[in-house]
Amino acid sequence: QQQLVESGGGLVQPGGSLRLSCVTSGFTFEQYAIGWFRQAPGKEREGIACISSDSSAAMYAEPGEGRFTISRLNLKNVAYLQISSLKPEDTAVYYCAATYGTHWCHTFRPPASVYDHWGQGTQVTVSS
(Lines give C-alpha, C1' and ligand atoms only; values in the text may rest on other atoms or scores of the structure.)
Protein backbone atom coordinates (compact mmCIF):
# COMPACT_ATOMS: atom_id res chain seq x y z
CA GLN A 1 0.00 0.00 0.00
CA GLN A 2 1.38 3.34 -1.05
CA GLN A 3 1.82 5.77 1.80
CA LEU A 4 3.08 9.29 2.20
CA VAL A 5 3.24 10.72 5.70
CA GLU A 6 3.98 14.38 6.26
CA SER A 7 5.38 15.77 9.47
CA GLY A 8 7.14 18.84 10.78
CA GLY A 9 4.25 21.24 10.83
CA GLY A 10 3.20 23.25 13.83
CA LEU A 11 2.82 26.72 15.23
CA VAL A 12 5.61 29.10 14.32
CA GLN A 13 6.10 32.82 14.69
CA PRO A 14 6.33 35.09 11.66
CA GLY A 15 9.84 35.14 10.32
CA GLY A 16 10.56 31.64 11.51
CA SER A 17 11.45 28.54 9.53
CA LEU A 18 10.20 25.00 9.22
CA ARG A 19 11.30 21.85 7.49
CA LEU A 20 8.48 19.56 6.49
CA SER A 21 9.19 15.89 5.87
CA CYS A 22 7.39 13.41 3.65
CA VAL A 23 8.20 9.81 4.45
CA THR A 24 7.04 7.36 1.83
CA SER A 25 6.54 3.62 1.53
CA GLY A 26 4.88 1.07 -0.70
CA PHE A 27 6.23 2.28 -4.04
CA THR A 28 9.55 2.68 -5.79
CA PHE A 29 10.38 6.15 -4.58
CA GLU A 30 13.17 6.86 -7.05
CA GLN A 31 10.76 6.41 -9.97
CA TYR A 32 8.43 9.16 -8.77
CA ALA A 33 8.58 12.91 -8.83
CA ILE A 34 7.47 14.55 -5.60
CA GLY A 35 5.40 17.66 -5.25
CA TRP A 36 4.42 19.83 -2.32
CA PHE A 37 1.06 21.57 -2.16
CA ARG A 38 -0.84 23.56 0.41
CA GLN A 39 -4.42 24.48 1.09
CA ALA A 40 -5.45 27.37 3.29
CA PRO A 41 -8.93 27.60 4.82
CA GLY A 42 -11.45 28.68 2.24
CA LYS A 43 -8.92 28.57 -0.57
CA GLU A 44 -8.07 26.18 -3.34
CA ARG A 45 -5.13 23.86 -3.12
CA GLU A 46 -2.03 25.38 -4.67
CA GLY A 47 1.20 23.86 -5.82
CA ILE A 48 4.44 25.00 -4.25
CA ALA A 49 7.22 23.00 -5.80
CA CYS A 50 8.18 19.69 -7.33
CA ILE A 51 11.39 17.75 -7.59
CA SER A 52 12.35 15.20 -10.21
CA SER A 53 12.76 11.54 -9.37
CA ASP A 54 16.57 11.73 -9.41
CA SER A 55 16.81 15.06 -7.57
CA SER A 56 18.48 16.68 -10.57
CA ALA A 57 15.74 19.25 -11.14
CA ALA A 58 13.30 21.25 -9.06
CA MET A 59 10.64 23.69 -10.07
CA TYR A 60 8.80 26.25 -8.00
CA ALA A 61 5.43 27.89 -8.43
CA GLU A 62 7.05 31.23 -7.63
CA PRO A 63 10.71 30.89 -8.54
CA GLY A 64 11.63 34.42 -7.57
CA GLU A 65 10.35 34.20 -4.03
CA GLY A 66 13.13 32.03 -2.70
CA ARG A 67 11.49 31.03 0.60
CA PHE A 68 10.80 27.44 -0.36
CA THR A 69 13.37 24.72 -0.97
CA ILE A 70 12.36 21.24 -2.01
CA SER A 71 14.72 18.30 -1.66
CA ARG A 72 14.68 14.54 -1.39
CA LEU A 73 16.81 11.66 -0.20
CA ASN A 74 16.11 8.61 -2.34
CA LEU A 75 18.12 6.26 -0.13
CA LYS A 76 15.68 7.00 2.69
CA ASN A 77 12.48 7.42 0.64
CA VAL A 78 11.91 10.86 2.05
CA ALA A 79 11.30 14.31 0.65
CA TYR A 80 11.51 17.68 2.35
CA LEU A 81 10.18 21.18 2.03
CA GLN A 82 12.14 23.89 3.79
CA ILE A 83 10.22 27.10 4.36
CA SER A 84 11.91 30.24 5.61
CA SER A 85 10.74 33.74 6.55
CA LEU A 86 7.30 32.38 7.32
CA LYS A 87 4.34 34.73 7.00
CA PRO A 88 0.83 34.47 8.42
CA GLU A 89 -0.43 33.88 4.89
CA ASP A 90 1.61 30.68 4.79
CA THR A 91 -0.87 29.17 7.25
CA ALA A 92 -2.29 26.10 5.55
CA VAL A 93 -2.31 22.34 5.47
CA TYR A 94 0.74 21.19 3.55
CA TYR A 95 0.64 18.03 1.46
CA CYS A 96 3.21 15.99 -0.37
CA ALA A 97 2.33 13.90 -3.39
CA ALA A 98 4.02 11.50 -5.76
CA THR A 99 3.63 11.06 -9.49
CA TYR A 100 5.20 8.29 -11.54
CA GLY A 101 7.73 9.26 -14.13
CA THR A 102 11.32 10.35 -14.46
CA HIS A 103 10.48 13.17 -16.84
CA TRP A 104 8.48 15.32 -14.43
CA CYS A 105 9.80 18.56 -12.98
CA HIS A 106 12.63 19.05 -15.46
CA THR A 107 10.78 21.43 -17.74
CA PHE A 108 7.19 21.09 -16.64
CA ARG A 109 5.67 21.23 -13.19
CA PRO A 110 2.80 18.72 -13.13
CA PRO A 111 -0.63 19.82 -11.94
CA ALA A 112 -2.23 18.23 -8.92
CA SER A 113 -4.42 16.01 -11.11
CA VAL A 114 -1.34 14.14 -12.34
CA TYR A 115 -0.24 12.98 -8.91
CA ASP A 116 -0.97 9.36 -8.03
CA HIS A 117 -0.47 9.29 -4.30
CA TRP A 118 -1.07 11.85 -1.57
CA GLY A 119 -0.29 12.24 2.09
CA GLN A 120 -2.77 13.28 4.74
CA GLY A 121 -1.20 16.69 5.27
CA THR A 122 0.47 18.54 8.10
CA GLN A 123 -0.83 21.80 9.54
CA VAL A 124 1.39 24.86 9.51
CA THR A 125 0.18 27.86 11.49
CA VAL A 126 2.10 31.10 11.42
CA SER A 127 1.08 33.42 14.18
CA SER A 128 2.55 35.56 16.92
The single option from Tyr100, Phe29, Tyr32 passing ring-ring contact (aromatic ring centres under 6.0 Å, His included) against His117: Tyr32

If you measure from [atom1] on [X] to [atom2] on [Y], what distance do you get to the nearest 0.5 Å?
{"X": "Gln2", "Y": "Asp116", "atom1": "CD", "atom2": "CG", "answer": "8.5 Å"}
{"X": "Ile83", "Y": "Ser17", "atom1": "CD1", "atom2": "OG", "answer": "9.0 Å"}
{"X": "Gln3", "Y": "Asn77", "atom1": "CD", "atom2": "CG", "answer": "12.5 Å"}
{"X": "Thr69", "Y": "Trp36", "atom1": "OG1", "atom2": "CH2", "answer": "13.0 Å"}
{"X": "Ser21", "Y": "Gln82", "atom1": "OG", "atom2": "CD", "answer": "9.5 Å"}

[X] versus [Y], closest heavy-atom pair with distance:
{"X": "Thr99", "Y": "Pro110", "value": "CG2-CG, 4.3 Å"}
{"X": "Ser84", "Y": "Gly66", "value": "OG-O, 4.4 Å"}
{"X": "Arg38", "Y": "Ala92", "value": "CB-CB, 3.9 Å"}
{"X": "Ser52", "Y": "Arg72", "value": "O-NH1, 3.0 Å"}

Any side-chain heavy-atom pair of [X] and [Y] under 4.5 Å:
{"X": "Asp90", "Y": "Arg67", "answer": "yes"}
{"X": "Gln120", "Y": "Val5", "answer": "yes"}
{"X": "Gln123", "Y": "Thr91", "answer": "yes"}

Side chain to side chain contact (heavy atoms under 4.5 Å, CB included) between His106 and Ser56, worked out: CA-CA 8 Å; His106 289 272; Ser56 65; 3.1 Å; yes

Under a 4.5 Å side-chain heavy-atom rule over Ile, Leu, Val, Met, Phe, Trp and Tyr, are [X] and [Y] clustered together?
{"X": "Ile34", "Y": "Leu18", "value": "yes"}
{"X": "Leu20", "Y": "Val12", "value": "yes"}
{"X": "Ile48", "Y": "Val78", "value": "no"}

Pairs satisfying disulfide bond (SG atoms under 2.5 Å apart), at least one member in residues 38-96, at least two apart: Cys22-Cys96, Cys50-Cys105

Verdict with supporting geometry, Ser127 and Leu11, side chain to side chain contact (heavy atoms under 4.5 Å, CB included): CA-CA 7 Å; Ser127 175; Leu11 175 64; 4.1 Å; yes

Where at least one partner belongs to residues 42-95, residue pairs that pass ring-ring contact (aromatic ring centres under 6.0 Å, His included), sequence neighbours excluded: none

Parallel, tilted or perpendicular: rings of Tyr115 and Phe37 (30°, 60°): perpendicular

Side chain to side chain contact (heavy atoms under 4.5 Å, CB included) between Thr107 and Met59, worked out: CA-CA 8 Å; Thr107 57; Met59 300 186 73; 5.7 Å; no

Pair Glu6-Leu81, side chain to side chain contact (heavy atoms under 4.5 Å, CB included): steps then yes or no: CA-CA 10 Å; Glu6 302 93 336; Leu81 182 70; over 6 Å; no

Short side-chain to backbone donor-acceptor contact, Ser128 and Gln13, under 3.5 Å: no

Heavy-atom donor-acceptor pair, Asn74 side chain to Ser53 backbone, under 3.5 Å: yes

Exceeds 12 heavy-atom contacts within 6.0 angstrom, atom CD of Glu89: yes

